[in-house]
Protein chains: 2
Amino acid sequence: MKENKSQFALLGLLADRAMSGYEIQKIINNSIGFFWQESFGQIYPNLKKMEEKGWAGSVQIEQEGRPDKKVFKITKSGREELAAWLKRPPEKFPLRLEILLKLFFGNHAKPEISIQHLESELSNEVKMLEVYKNIKKEIGKCSHESQNLYSLITLDYGIGLAEHNIAWCKKSIQKLKKELSK
Amino acid sequence: MKENKSQFALLGLLADRAMSGYEIQKIINNSIGFFWQESFGQIYPNLKKMEEKGWAGSVQIEQEGRPDKKVFKITKSGREELAAWLKRPPEKFPLRLEILLKLFFGNHAKPEISIQHLESELSNEVKMLEVYKNIKKEIGKCSHESQNLYSLITLDYGIGLAEHNIAWCKKSIQKLKKELSK
DNA sequence: GAGAACATGTAAGCGGTTACATGATTAT
DNA sequence: ATAATCATGTAACCGCTTACATGTTCTC
């Protein structure tokens, strides 16, 4: 049987503070979004299931100048489940990098196509690296490092990955261009 | 509508030579397996669908000392579909790195747990790096580089990724150990 | 009035894994 | 015998995206 990992992602976020489904998605998009995505089609049904299992409780909150929202709060049982999941070794797969698949089959297309994919990836990663570095600067400014140790570790992964991607794109583009000029 | 990427992966492999479903999985596991996986539950039904669409044809092959096999061969129409897919820009997502998710939530577990995940990842990546480097050496020996240009590019991705992973694991383990000793 | 952001959900339908089911052949 | 490898498939079941559906409030 396969583990529903979305529920643990939601649990982990709720462990920090109570949130609505809508807020959860926003938080995901600007924190773990570069290595973990969730859609509303997953978030809302899973929050419901988590509540049924007693991992979270919800309250309707009235807001001024905004629609009501349903805020979910993790329970003791939810925290225990999260802790148990954190102890289990993470799985490496599934992993599917479509750009590598297209590159791998590059001999069945014109080299210009592979170069174009690489250049697009390169410009994208350069942008992302800039974003990550700015976030890191912000974290460094406003508080003790130890409080954000785990955010910093994952952020550093993103920075290293982007740097590797950039170097690899540049190198590969050069290889392909050299091949073109032959 | 979502694209069935498995079919293009299969198409790309069949573009090099005709193969059975069983052979395809073996090829995947020791070439693109580190960034792309396929299970039999995907391979066989998809080959069938591809045949129905005219992307591939199949013949039953009798073998000596082995069970019969059904070999699939790409058609002209299949090659056209592959070429058209290769031109379309690759998508970055979905991407889900479970180890990062567990690390990100590390503050809800003992630091020892995060360290253990990192050490396990580290030893695994060290092994993988060794494997990749040996493959690269083999490729370098037996033929012209240009023939394997695209394999080399994806392999270099794997090498760079493993190196980044190793550096990141080491750095993160140190950070967490320093935190422990406080 | 239009558009953007806030907010919550459901339904259809494919994607994908895991387990099941079967059987041949070889090596130990 | 029995385990391993070769070989092909199906079925159940959940994962997950996309599209649909609805409604509020604020800003321009």
Side-chain angles (χ1 to χ4, degrees), chain A residues 1-11 18-30 33 35-53 56 58-72 91-98 101, chain B residues 1-11 18-30 32-33 35-53 56 58-72 85 91-98 101:
Chain A
M1 267 283 290
K2 214 183 148 189
E3 208 172 39
N4 183 328
K5 287 168 187 172
S6 293
Q7 291 186 10
F8 292 109
L10 300 177
L11 218 42
M19 276 183 281
S20 69
Y22 191 80
E23 286 172 289
I24 285 174
Q25 214 208 25
K26 277 182 63 181
I27 294 285
I28 288 177
N29 287 342
N30 44 52
F35 66 82
W36 198 274
Q37 303 87 42
E38 295 290 349
S39 65
F40 283 129
Q42 284 282 88
I43 293 171
Y44 287 115
N46 275 315
L47 285 173
K48 199 176 175 182
K49 282 175 198 163
M50 287 158 68
E51 199 174 5
E52 282 160 13
K53 285 191 279 189
S58 71
V59 274
Q60 199 79 19
I61 302 282
E62 286 170 40
Q63 297 183 106
E64 293 168 28
R66 284 179 182 181
D68 291 1
K69 64 178 178 180
K70 196 175 172 182
V71 170
F72 289 83
E91 287 168 48
K92 271 195 96 72
F93 301 122
L95 174 66
R96 286 181 156 198
L97 303 176
E98 196 182 357
L101 193 63
Chain B
M1 267 284 288
K2 213 184 149 187
E3 209 172 39
N4 183 326
K5 287 168 188 173
S6 294
Q7 292 188 7
F8 293 108
L10 300 176
L11 218 42
M19 278 183 279
S20 69
Y22 191 80
E23 286 174 287
I24 285 175
Q25 214 209 24
K26 277 183 63 182
I27 294 286
I28 287 177
N29 287 343
N30 44 53
I32 61 175
F35 66 80
W36 196 274
Q37 303 87 42
E38 294 290 350
S39 65
F40 284 130
Q42 283 281 89
I43 293 172
Y44 288 115
N46 275 315
L47 284 172
K48 199 176 176 183
K49 282 175 200 165
M50 287 157 67
E51 200 174 6
E52 282 161 11
K53 284 191 280 189
S58 72
V59 275
Q60 199 80 19
I61 303 281
E62 286 170 40
Q63 298 183 106
E64 294 168 26
R66 283 180 184 182
D68 291 1
K69 64 177 177 179
K70 195 174 173 183
V71 169
F72 290 83
W85 174 74
E91 286 167 49
K92 270 195 97 73
F93 301 121
L95 173 66
R96 284 180 158 199
L97 304 176
E98 195 182 357
L101 194 62

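First the proteins, then the strands, lettered A, B, ... as listed; each starts at 1.
- By the neighbour-count criterion of 12 heavy atoms within 6.0 Å, atom NZ of B:K48 is sparsely surrounded, having that number or fewer from other residues, nucleotides or ligands.
- Backbone-only engagement by A:K26 is indicated by non-hydrogen atom pairs under 4.0 Å involving sugar-phosphate atoms exclusively.
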Close N or O pairs between protein and nucleotides 22-27 of chain D (under 3.5 Å):
unit_1, atom_1, unit_2, atom_2, d
D:dT25, O3', A:G65, O, 2.7

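- Remark: A:S39 is not in phosphate contact with D:dC16, judged by side-chain N or O atoms under 4.0 Å from OP1 or OP2.
- B:L95 is listed as a side-chain neighbour of A:Q37, based on a closest heavy-atom distance under 4.5 Å.
- One finds a salt bridge joining B:R96 and A:E38 here, because a Lys/Arg side-chain nitrogen approaches an Asp/Glu carboxylate oxygen to under 4.0 Å.
- As a whole-Å value, the separation of B:K5 NZ from D:dG15 C1' is 16 Å.
- In this structure, A:F72 and A:M50 have side chains that are not in contact, with every pair of non-hydrogen atoms separated by 4.5 Å or more.
- Residues A:Y44 and A:Y22 have side chains in contact (heavy-atom distance under 4.5 Å, counting atoms from C-beta outward).
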Please produce a list of atom pairs where a protein N or O lies less than 3.5 Å from an N or O of nucleotides 8-13 of chain C.
unit_1, atom_1, unit_2, atom_2, d
C:dT8, OP1, A:K70, N, 2.7
C:dT8, OP2, A:Y22, N, 3.1
C:dT8, OP2, A:Y44, OH, 3.0
C:dT10, OP1, A:K48, NZ, 3.4

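- Rounded to whole Å, the distance from NZ on A:K49 to C1' on D:dC13 is 12 Å.
- Distance, A:E91 CD to C:dT18 C1': 12 Å, rounded to whole Å.
- Within a 6.0 Å sphere centred on NZ of A:K26, heavy atoms belonging to other residues, nucleotides or ligands number 12 at most.
- A straight line from CD of A:E3 to C1' of C:dT17 spans 14 Å, rounded to a whole angstrom.
- Between A:S6 and D:dC16 there is a side-chain polar atom (N or O) within less than 4.0 angstrom of OP1 or OP2.
- For A:N4 and D:dC13, the CG to P distance is 17 Å, given to the nearest whole Å.
- When the P atom of D:dT8 is taken as reference, atom CD of B:E51 falls 13 Å away, rounded to whole Å.
- In this structure, B:I24 places its CD1 atom 16 Å from P of D:dC6, rounding to the nearest Å.
- Regarding B:R96, its CZ atom lies at a distance of 10 Å from the P atom of D:dG15, rounded to whole Å.
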